[in-house]
Amino acid sequence: MTLTPPLAAALSAGTATGGAVLRHDWSAAEALEIVSAPLNDLLYAAHSVHRANWSANTIQKSQLLSIKTGGCAEDCGYCSQSAHHDTGLSASKLMEVERVLAEAAKAKAAGSTRFCMGAAWRSPKERDMPAVLAMVEGVKAMGLETCMTLGMLDDIQVVALKRAGLDYYNHNVDTSEAHYGRVITTRTYADRLDTLSRVRDAGINVCSGGILGLGETAADRADMLVTLANLPEHPGSVPINMLIAIPGTPLADTAPIDPVDFVRTIAAARIMMPKSYVRLSAGRTEMNDATQALCFFAGANSVFAGDRLLTTDNPGEDADSALFAKLGLVAETASTGPVKPCLQPVAQRGAPTVPRSEFAADGAPA
Ligand code: SAM
Ligand code: DTB
Ligand code: SF4
């Protein structure tokens, strides 16, 4: 069987020595060739890389909570919470710490291992930080992994969050650099990358991905994956969202992405970032079971649990239990979960880069 050369090389690198070879030198052309490969070849390679690195039938569950909803100063063209769009959403204040901790306890009881708190901010204000830090400390003390998404952070805020026990920070690049300016104008792609490097330098695991269905091309999707995979360390988690079209936003009438193109992007993410959690994120209410099953086969190994995301619906526990039972999937638990590469000491992260020339066209080491 002949695979297209970049796919063959990626398959070989992603499965070599238990997937220990992580590349950070992806080219745009290579990524596009992977995303566009014959679907069966792409799925074969992605699933092989997945099995070499992860328990194939185990899915991690994260629970989201909107701790501060609406009224955001940014103009992200997809978002229900931007003050620039008239979506009918009423803005609320930052939730009280006790209420957040009560929601975290419920999420833990329902089987989530990570609790992700999101705020509709351009960046947190000084006055918000004490409560935010108390939330991280409280959730961490329950034995849950902690994640926050609060917008841009400065050097002082990242250190304070790390000290409070923050495990992950979610900050998505969202799309390619080329497409970005058509979606968001109030901050730049470089601003996004700056926050990611501050987070990484503070020793917090990066959670970064994007949204598909923003009117981008396959090349944009490949470029976005190149940006993520060529970061100094692969993000510990890579959320891949399908646009939830929100009435009143500039992207409300954008044509939905073809589910096969969505699956292709998941597969390429798995191949290019073998040891990262790839999260099948927003948009699952619009996907049938077969599409979700293909995403899991292609290497998605994390979902958001519960019946709400931030301001929109999610399938909920009953639907997910039925889906997991149908597909023979089990939820990752703190004790049964795989060794999480992103939680290794920094010195052990970032395995060597393998030049493409070290692989023959059939994927075997040359
Ligand atoms: N304000 C923070 C920020 O933007 O970084 C945190 C919250 S923001 C809602 C987190 C992410 O949710 C966005 O970066 C985007 O990828 C995703 N998201 C927001 N609205 C969405 C939508 N309508 N459909 C799919 N994903 C969406
Ligand atoms: C991410 O990539 N997706 C989540 C989380 N990170 C914060 C948010 C999805 C939001 C979907 C739209 C909404 O519920 O408002
Ligand atoms: Fe604000 Fe985040 Fe929504 Fe953008 S995605 S408008 S930053 S809440």
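Values in this document were obtained by computation on a predicted structure and should not be read as measured data. Read the numbers this way: they start at 1 and go in the same order the structure lists the ligands and their atoms. Below, each value reflects all heavy atoms present in this structure, side chains not excepted, and no hydrogens, waters or symmetry copies.
Between Gly209 and ligand 2 there is no heavy-atom distance shorter than 4.0 Å. Ligand 1 lies nowhere less than 4.0 angstrom from a heavy atom belonging to Gly209. Taking a 4.0 Å cut-off on heavy atoms, Gly151 registers as neighbouring ligand 1. The closest approach between Lys68 and ligand 1 stays at or above 4.0 Å for every heavy atom of the residue. The closest approach between any non-hydrogen atom of Met242 and ligand 1 is below 4.0 Å. Proximity of Tyr78 to ligand 2 is not established, as no heavy-atom distance is less than 4.0 Å.
Of all protein heavy atoms, the one closest to atom 1 (Fe) of ligand 3 is Cys72 SG, 2.3 Å. Among protein heavy atoms, the minimum distance from atom 12 (C) of ligand 2 is reached at Thr312 OG1, 3.6 Å. Nearest protein heavy-atom neighbour of atom 7 (C) of ligand 2: Asn170 OD1, 3.5 Å. For atom 23 (N) of ligand 1, the closest non-hydrogen atom of the protein is Ile244 O, 3.0 Å.
Checked against a 3.5 angstrom limit, the closest N/O atoms of Asn172 and ligand 2 fall inside it. Taking any N or O of Arg187, backbone or side chain, none lies under 3.5 Å from an N or O belonging to ligand 1.
Within the 2.8 Å limit, Cys79 places no N, O or S atom next to atom 4 (Fe) of ligand 3.
The atoms of ligand 2 that sit less than 4.0 Å from any heavy atom of Thr149 are 7 (C). Close contacts of ligand 2 with Ser80, meaning ligand atoms under 4.0 Å from a residue heavy atom, involve 15 (O). Within the listing of ligand 3, atoms 7 (S) sit less than 4.0 angstrom from a heavy atom of Arg187. Interface of Ala119 with ligand 1, defined as ligand atoms under 4.0 Å from a residue heavy atom, comprises 1 (N), 2 (C), 6 (C). Ligand 1 places these atoms under 4.0 Å from at least one heavy atom of Ile246: 23 (N). For ligand 3, the atoms lying closer than 4.0 Å to a non-hydrogen atom of Cys76 are 4 (Fe), 5 (S), 6 (S), 7 (S). Ligand-side atoms of ligand 1 in range of Arg192: 3 (C), 4 (O), 5 (O), 14 (O), range being under 4.0 angstrom from any heavy atom. Contact atoms of ligand 1 toward Leu310: 9 (C) (distance under 4.0 Å to a heavy atom of the residue). Within ligand 1, the atoms closer than 4.0 Å to a non-hydrogen atom of Leu243 are 24 (N), 25 (C), numbered from 1 in the order shown. For ligand 2, the atoms lying closer than 4.0 Å to a non-hydrogen atom of Asn241 are 1 (C), 2 (O), 3 (N), 9 (C). Taking every heavy atom of Ala120 and a limit of under 4.0 angstrom, the matching atoms of ligand 3 come to 8 (S). The contact set between ligand 2 and Pro239, taken as ligand atoms under 4.0 Å from a residue heavy atom, comprises 2 (O). Short contacts between ligand 2 and Thr311, defined as distances under 4.0 Å to a heavy atom of the residue, involve ligand atoms 13 (C), 14 (O), 15 (O). In the vicinity of Tyr78, heavy-atom distances shorter than 4.0 Å reach the ligand 3 atoms 5 (S). Close contacts between ligand 1 and Ile211 involve ligand atoms 15 (C), 16 (O), 18 (N), 25 (C), 26 (N), 27 (C) [criterion: under 4.0 Å to a heavy atom].
Asp220 and Thr175 are not linked by any side-chain donor-acceptor pair at a separation below 3.5 angstrom, with hydrogens and angles left out of the test. Asp75 and Ser82 are not linked by any side-chain donor-acceptor pair at a separation below 3.5 angstrom, with hydrogens and angles left out of the test. Counted by atom type alone, Ser80 and Thr311 present one or more donor-acceptor pairs between their side chains at under 3.5 Å. Of the N and O atoms on the side chains of Thr4 and Glu33, at least one donor lies less than 3.5 Å from an acceptor on the other residue. Defined by atom type and a distance below 3.5 Å, a donor-acceptor pair is missing between the side-chain atoms of Gln63 and Arg114. Residues Asn241 and Tyr78 have side chains that never bring a donor and an acceptor to within less than 3.5 angstrom of each other. Between Gln60 and Thr58, the side chains place no donor N or O within less than 3.5 Å of an acceptor N or O (distance only, hydrogens not considered). Ser321 and Asp318 share no side-chain donor-acceptor pair at under 3.5 Å.
Salt-bridge check for Glu103 with Lys106: passed, with a basic side-chain N closer than 4.0 Å to an acidic carboxylate O. Using a 4.0 Å cut-off between a side-chain N of Lys or Arg and a carboxylate O of Asp or Glu, Asp128 and Lys68 do not qualify as a salt bridge.
At a threshold of 4.5 Å between side-chain heavy atoms, the hydrophobic network of Ile, Leu, Val, Met, Phe, Trp and Tyr places Leu309 and Ile67 in two separate groups.
With Asp313, Leu310, Ile244 as candidates, the residue nearest to atom 8 (C) of ligand 2 on a non-hydrogen basis is Leu310.
Taking the side chain as every heavy atom from C-beta outward, Ile257 and Leu243 never approach each other to under 4.5 Å.
Annotation: cation-pi geometry satisfied between Arg279 and Phe304 (NZ/CZ under 6.0 angstrom from ring centroid, within 45° of ring axis). Cation-pi geometry between Arg192 and Tyr180 is not satisfied (NZ or CZ under 6.0 Å from the ring centre, within 45° of the ring normal).
A donor-acceptor contact shorter than 3.5 Å is absent between the side chain of Asn314 and the backbone of Gly316.
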Derivation of the side chain to side chain donor-acceptor pair (under 3.5 Å) call for Ser208 and Asn172: CA-CA 4 Å; Ser208 189; Asn172 292 339; 4.5 Å; no
Candidate pair Arg23 and Glu30, rule salt bridge (Lys or Arg N to Asp or Glu O under 4.0 Å), full reasoning: CA-CA 12 Å; Arg23 282 186 49 194; Glu30 227 177 358; 3.0 Å; yes
